[in-house]
Amino acid sequence: MREIELKFKVDDMNDLLAKLRDMDCEVSEILSQNDTIYVSDLNHVESVEGSIWLRVRKENEKVELNLKKQSAKIQESKEIEFEVSSYEKANQLLETLGYQKWVVVNKKRRYSKYLNYNLCIDEVERLGSFLEIELLVDEEDKKDYISDLLEIAKTFELTEDNIVNSHYDTMISQLEE
């Protein structure tokens with residue numbers, strides 16, 4: 001699958017949640033997500049085409065292992081994820097394979113859906129509030145959906161000025177420098 005997403009900084013989370021309710025969008029309960037991000041080389045963590053990040057995510061009691069491979073466009077990546085039984089063993093596996101722990105991202109996430117778009121409503125420790133608008137399409141589908149995502153963002157009174165062209169892990173890493 002190909003994931004296309006835009007991330008927007010949200011100034012007023014209560015206002016966004018009210019807009020979603022007004023649009024009859026169901027919003028999930030708050031989930032705690034703790035992500036540990038791994039890279040092959042701590043000296044090369046920039047987001048360039050072909051970059052790979054591995055993530056172990058603990059979401060309440062569920063644990064996932066995830067691989068993201070950056071495409072040529074910053075808003076797109078190839079993603080593979082699956083559930084694993086142990087957070088500790090997944091981290092141990094990646095370290096044994098030689099991957100290096102880069103950053104930890106802690107956030108409170110709610111999910112929603114608008115039309116065929118997935119919405120991730122995030123409150124990220126140390127970074128603030130965000131809305132991610134995501135679309136998953138087949139690898140063969142080469143359409144550029146960015147303008148579609150921007151149209152959806154307008155529904156929530158978000159503009160290109162609110163776009164954040166960085167990943168949470170990168171932003172946290174920059175705070176730690």
Side-chain angles (χ1 to χ4, degrees), residues 1-33 35 37 39 45-55 57 59 64-82 103 105-175:
M1 295 296 289
R2 192 166 64 104
E3 177 189 65
I4 301 109
E5 88 176 22
L6 284 178
K7 182 183 300 139
F8 298 86
K9 182 74 170 135
V10 174
D11 295 324
D12 187 337
M13 181 59 75
N14 291 327
D15 186 47
L16 173 64
L17 293 170
K19 283 183 182 78
L20 287 165
R21 282 191 290 275
D22 290 346
M23 297 166 64
D24 293 325
C25 294
E26 285 188 35
V27 177
S28 75
E29 293 296 316
I30 296 173
L31 299 168
S32 291
Q33 290 185 339
D35 297 347
I37 313 298
V39 294
V45 294
E46 56 278 340
S47 183
V48 295
E49 184 176 6
S51 297
I52 292 178
W53 299 271
L54 298 168
R55 175 185 72 206
R57 169 174 286 165
E59 183 176 87
E64 291 178 340
L65 185 57
N66 171 289
L67 175 141
K68 279 195 179 190
K69 183 175 183 180
Q70 184 64 51
S71 73
K73 296 179 182 176
I74 189 72
Q75 303 88 353
E76 293 184 26
S77 61
K78 179 175 182 166
E79 187 167 342
I80 302 169
E81 67 184 14
F82 52 92
V103 294
V105 178
N106 296 311
K107 66 180 167 289
K108 303 292 184 201
R109 174 168 277 182
R110 297 175 222 199
Y111 292 100
S112 188
K113 197 156 182 73
Y114 179 69
L115 303 174
N116 58 333
Y117 298 89
N118 297 317
L119 306 176
C120 298
I121 306 151
D122 294 333
E123 295 181 61
V124 184
E125 190 175 284
R126 301 171 58 194
L127 297 178
S129 301
F130 300 87
L131 173 66
E132 292 184 1
I133 303 173
E134 302 176 344
L135 184 63
L136 293 174
V137 298
D138 290 327
E139 289 283 332
E140 297 77 33
D141 184 347
K142 300 302 178 192
K143 180 181 176 196
D144 182 357
Y145 287 92
I146 298 303
S147 60
D148 297 0
L149 295 174
L150 285 168
E151 282 301 311
I152 296 303
K154 288 179 187 174
T155 305
F156 304 110
E157 297 178 21
L158 297 167
T159 67
E160 289 186 51
D161 293 337
N162 300 99
I163 291 176
V164 176
N165 279 320
S166 188
H167 304 287
Y168 296 140
D169 47 23
T170 302
M171 291 188 285
I172 288 175
S173 174
Q174 291 169 343
L175 289 176

>> Between Lys7 and Glu134, is the side-chain contact (heavy atoms from CB on, under 4.5 Å) condition met? List the steps.
In response: CA-CA 9 Å; Lys7 182 183 300 139; Glu134 302 176 344; over 6 Å; no

Give the intermediate values and the outcome of side-chain contact (heavy atoms from CB on, under 4.5 Å) for residues Met13 and Ile121. CA-CA 9 Å; Met13 181 59 75; Ile121 306 151; 3.3 Å; yes

Exercise for the section: Any chance you could lay out the side-chain contact (heavy atoms from CB on, under 4.5 Å) test for Trp53 and Val39, step after step, and finish with the verdict? Expected result: CA-CA 5 Å; Trp53 299 271; Val39 294; 3.5 Å; yes

Q.
Between Val105 and His167, is the side-chain contact (heavy atoms from CB on, under 4.5 Å) condition met? List the steps.
A. CA-CA 10 Å; Val105 178; His167 304 287; over 6 Å; no

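Judged purely by atom type and a 3.5 angstrom limit, Asp138 has no side-chain atom pairing as donor or acceptor with the backbone of Glu140.
Under the rule for a side-chain hydrogen bond (donor to acceptor under 3.5 Å, both in side chains), the partners of Arg126 that lie at least two apart in sequence or sit in another chain are Glu176. Listed by chain and residue number, Ser32 satisfy the side-chain hydrogen bond (donor to acceptor under 3.5 Å, both in side chains) test with Lys108 (two or more places apart in sequence, or in another chain). Listed by chain and residue number, Tyr168 satisfy the ring pair (Phe, Tyr, Trp, His ring centres under 6.0 Å) test with Phe130 (two or more places apart in sequence, or in another chain).
Rounded to the nearest 0.5 Å, atoms CG (Leu17) and CG (Leu131) are 10.0 Å apart. Between atom CG of residue Asp122 and atom CG of residue Leu31 there is a gap of 10.5 Å, rounded to the nearest 0.5 Å. The structure places CG of Leu16 at 11.0 Å from CG of Asp11, a figure rounded to the nearest 0.5 Å.
A salt bridge (Lys or Arg N to Asp or Glu O under 4.0 Å) with Arg109 is found for one member of Glu29, Glu132, Glu125 and no other, namely Glu132.
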Contacts table for residues 110-118: side-chain donor-acceptor under 3.5 angstrom, sequence neighbours left out:
from, atom 1, to, atom 2, distance (Å)
Arg110, NH2, Glu123, OE2, 3.4
Tyr111, OH, Gln33, NE2, 3.0
Tyr111, OH, Glu59, OE2, 3.2
Ser112, OG, Glu26, O, 2.7
Lys113, NZ, Asn118, OD1, 2.9

Kindly list each side-chain donor-acceptor pair under 3.5 angstrom involving residues 146-154, sequence neighbours excluded, with atom names and distances?
from, atom 1, to, atom 2, distance (Å)
Asp148, OD2, Lys143, NZ, 3.0
Glu151, OE2, Lys154, NZ, 3.1

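Lys68 has a carboxylate O that lies under 4.0 Å from a charged side-chain N of Glu3, or vice versa, which qualifies the two as a salt bridge. The pair Arg57-Asp35 counts as a salt bridge, with a side-chain nitrogen and a carboxylate oxygen less than 4.0 angstrom apart. Here Glu49 does not pair with Lys69 in a salt bridge; the nearest charged N to carboxylate O distance is not below 4.0 Å.
Within the 4.5 Å cutoff, side-chain heavy atoms of Asp15 are placed close to those of Lys19. In this structure the side chain of Asn66 never reaches within 4.5 angstrom of the side chain of Ile80, judged on heavy atoms. Within the 4.5 Å cutoff, no side-chain heavy atoms of Leu54 are placed close to those of Ile37. In this structure the side chain of Leu20 never reaches within 4.5 angstrom of the side chain of Asp22, judged on heavy atoms. Using a 4.5 Å heavy-atom threshold, the side chains of Glu46 and Gln70 count as separate.
Of all the heavy atoms in Phe156 and Met23, the pair that sits closest is CE2-SD, 3.7 Å.
Residue pairs meeting the side chain to side chain donor-acceptor pair (under 3.5 Å) criterion with at least one partner in residues 155-164, sequence neighbours excluded, are Thr159-Asn162.
Heavy-atom neighbours of Gln174 CD from other residues, nucleotides or ligands within 6.0 Å: above the threshold of 12.
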